Student: 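Following this message is one structure expressed as structure tokens.
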Amino acid sequence: MTTTDVPTIAQFFEAWELFQYPAASGAVAGALLGWLGVYVVLGRMVFLSAALSQAAGLGVALAFWLQIVWGMTGSPLASPWVGATVMTVIATLLLMADRSPGGTRREAILGFAYLAGAAGTLAVGTRIAAEIHDIESLLLGSAVAVLPDDFRLLATVAAIILAIHAWGARGLVQAAFSPDAARVRGLPVAALRIVLLGSIALAISVCTRVIGALPVFALSVLPAAAATRLAPSVRWSLWLATAIGAFAGFAGYVVAFLYSLPVGASQTLVAAAITAVVFAAGIPSVLIARSRRARRAA
Amino acid sequence: MKTAREEEGVLLRANGLEVGYRGRALLPPMTFEIRAGDLWGLIGPNGSGKTTLLRTLLGLHPRVGGDMDVGAGVRLAYVPQRGDQDTAIPGRVLDVVLEGVDRGWSFLDPTATLRQRAQVQHALDIVGAGTLAHQRFRELSEGQKQRVLVAGALVSQPHLLVLDEPTSAMDHAGEHAVFDLLGILRASRRLAVLIVSHHTSLLLNHVSHLAFTDRECGASVAGRLEEVSANPCFQSYFRGLGFLHPDVTVAPPGGVG
């Protein structure tokens with residue numbers, strides 16, 4: 001391949017009218033998932049976003065199946081949005097119903113939701129061969145499938161969730177990471193946890209439908225992993241993860257255009273590259289701190 | 001304005017309180033009052049129901065029977081075990097203490113933490129950690145971490161401070177420093193303190209009141225130190241720890257009462 005075969009960034013922006021909705025969707029979804037990902041990563045619930053995005057994927061596949069097999073085309077009940085939301089809510093309710101001591105059953109429930117979602121999506125996919133491209137787009141992320149209405153819905157949901165989270169951040173952070181002390185001081189921890197889990201479920205269901213399961217998983221884990229490594233506090237981590245997520249979502253789309261890659265994979269790789277750089281850059285300071293501790297101990 | 005309960009000095013009252021799980025009491029009923037300025041210790045063997053009692057008193061676990069009443073307007077603050085603090089969570093000392101500012105729905109007020117910066121610094125100064133404000137919490141020594149957590153509890157100006165194993169990861173000097181600090185706070189602010197600790201000998205030299213639980217012996221007693229130390233189960237437990245007689249070590253060096 002010669003260099004003239006590779007499109008340029010200038011060409012990308014020349015065709016902005018064509019790419020504006022999917023590229024902006026990547027940025028908005030990245031920002032939203034970056035913020036929420038801080039709770040996912042620090043709460044050691046990394047598998048949560050994978051499980052919920054697979055459940056959302058199954059919901060979308062079931063919606064297509066209802067449309068094709070049951071002739072429900074055009075029915076709002078068989079809309080992919082409704083399918084994704086219903087399945088995500090079911091998975092979330094399963095998680096919230098866990099009363100095991102220390103949440104010991106949570107991992108098993110997450111595993112169940114992930115596996116049932118992934119296998120169910122593939123199984124339903126064989127019954128709706130005509131829609132198999134949509135299913136693949138859903139799992140890997142789609143280059144051009146984002147419609148203006150999809151983007152508007154995503155942007156509205158992101159604006160509402162981020163506004164609520166920015167306003168109630170102090171309470172949400174305490175409910176997530178020091179719930180007992182917060183309860184003793186009278187904070188409404190149960191309500192805050194419902195808001196937290198509910199907003200994660202809603203964000204994942206909407207983002208999965210728009211950008212696909214793989215980038216949703218990646219953008220809800222990797223930007224937060226990098227941000228919590230860099231930032232001095234949880235609040236700074238939230239803002240930094242939002243910025244990294246928005247950048248990875250957008251830049252991933254541009255890289256996909258330049259190198260003819262699947263968009264979801266490209267967004268994932270950009271986020272992974274940022275995280276790898278941040279972790280690699282932190283290695284010297286970890287070594288210095290270790291040697292200081294060793295000297296102090298000696 | 002002070003409430004009638006505050007005037008009376010009673011912050012928390014347990015009357016025939018039974019703690020346990022699924023309707024089954026773990027321990028015999030307990031009756032006691034925690035008053036302003038009291039320094040309570042909660043001790044007992046492992047698995048004796050200490051944690052269940054503590055969580056019930058804090059309102060984190062439902063009681064099985066009896067009554068428990070925290071006075072209207074009485075503010076509680078809780079410092080969990082250090083092991084419950086996740087060091088992977090990034091935070092400066094300032095951030096850790098600022099968390100303690102919020103009560104109820106005050107977290108919805110975006111200006112609250114800005115207005116209370118001075119209060120945060122004051123709390124850090126009280127515990128002797130004023131110079132640590134901008135350091136990362138995870139990089140502090142165990143003793144410094146405990147001081148910062150106490151500052152985080154103090155910043156909400158509680159009437160009753162509850163600490164779970166505050167000295168578990170400390171050396172001897174660190175332990176003494178924490179108990180000395182709590183003694184000063186108790187004397188200067190009439191702060192009531194309830195401490196759960198396995199370090200019985202040190203605890204008994206500082207507390208004015210004691211709650212002792214032992215499921216196997218069927219004991220749950222609470223009251224002034226000399227009253228509890230007369231309990232046969234307590235004496236048996238105490239001897240098991242290698243002490244000759246409770247009264248020998250219990251006698252505090254003054255300031256208790």
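Throughout, protein chains are lettered first and strands after them, A, B, ... in sequence-line order, and every chain is numbered starting at 1. Please read all numbers here as calculations on a predicted model, not as lab measurements.
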Student: With a 4.5 angstrom heavy-atom cut-off, which part of B:L60 approaches chain A: side chain, backbone, both or neither?
Tutor: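 For B:L60, the side chain is the part near chain A, not the backbone.
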Student: Which heavy atom of A:W167 sits nearest a heavy atom of B:L108, and at what distance?
Tutor: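 Of all heavy-atom pairs spanning A:W167 and B:L108, the closest is NE1-O, 2.8 Å.
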Student: Please look at A:R44 and chain B and tell me whether the side chain, the backbone, both or neither of the residue comes under 4.5 angstrom of a heavy atom of that chain.
Tutor: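 Just its side chain gets close to chain B.
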Student: Among the options A:V189, A:V234, A:V38, A:V41, pick out the one with the most heavy-atom pairs lying under 4.5 Å from chain B.
Tutor: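 Looking at each option in turn, the highest pair count goes to A:V234.
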Student: On a heavy-atom basis, which atom in A:S233 and which in B:D95 lie closest, and how many Å separate them?
Tutor: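 Reported closest heavy-atom pair: CB-OD2, 3.1 Å.
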Student: Relative to chain B, which segment of A:A231 carries a heavy atom at a distance below 4.5 Å: side chain, backbone, both, or neither?
Tutor: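 Backbone only.
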Student: If you count heavy atoms of other groups shown closer than 6.0 angstrom to CZ of A:F47, is the number above 12?
Tutor: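 Enclosed: over 12 neighbouring heavy atoms sit under 6.0 Å from CZ of A:F47.
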Student: Is B:R136 in contact with chain A via its backbone, its side chain, both, or neither, using a 4.5 Å heavy-atom distance?
Tutor: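 Only the side chain of B:R136 comes within 4.5 Å of chain A.
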Student: Check each atom of A:I164 against the heavy atoms of chain B and say whether the ones under 4.5 Å are side chain, backbone, both or neither.
Tutor: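 Neither part.
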Student: As a quick check of understanding, evaluate side chain to side chain contact (heavy atoms under 4.5 Å, CB included) for B:R55 and A:D180, giving each step before the final call.
Tutor: CA-CA 9 Å; B:R55 292 183 67 82; A:D180 283 349; 2.8 Å; yes
Student: Can you find a heavy atom in the side chain of A:L42 that is under 4.5 Å from one in the side chain of B:P90?
Tutor: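 They are in side-chain contact.
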Student: Look at the side chain of A:R183 and the backbone N and O of B:L58, then say whether any donor-acceptor pair between them is shorter than 3.5 Å.
Tutor: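 Side chain of A:R183 to backbone of B:L58, a donor-acceptor pair under 3.5 Å: no, none is there.
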Student: With a cut-off of 6.0 Å (strictly less than), are more than 12 heavy atoms of other residues, nucleotides or ligands near CZ of B:R115?
Tutor: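 Yes, enclosed.
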Student: Counting N and O atoms only, with roles assigned by atom type, does the side chain of A:R185 sit under 3.5 Å from a partner on the main chain of B:E99, one being a donor and the other an acceptor?
Tutor: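 Yes.
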Student: If you count heavy atoms of other groups shown closer than 6.0 angstrom to OH of A:Y114, is the number above 12?
Tutor: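 Atom OH in A:Y114 is not crowded, with 12 or fewer foreign heavy atoms closer than 6.0 Å.
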Student: Are there over 12 heavy-atom neighbours, none belonging to B:F32, within less than 6.0 Å of that residue's CZ?
Tutor: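 More than 12 heavy atoms, drawn from other residues, nucleotides or ligands, come within 6.0 Å of this atom.
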Student: Check B:D102 against A:Q174 and note the closest heavy-atom contact, atom names and distance.
Tutor: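 Looks like OD2-NE2, 3.2 Å.
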Student: Pick from B:A153, B:G100, B:P110: which one has the most heavy-atom pairs with chain A under 4.5 Å?
Tutor: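 Looking at each option in turn, the highest pair count goes to B:G100.
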Student: Of the non-hydrogen atoms in B:F107 and A:R170, which two are nearest, and what is the gap between them?
Tutor: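 Closest pair (atom of B:F107, atom of A:R170, distance): CA-NH2, 3.3 Å.
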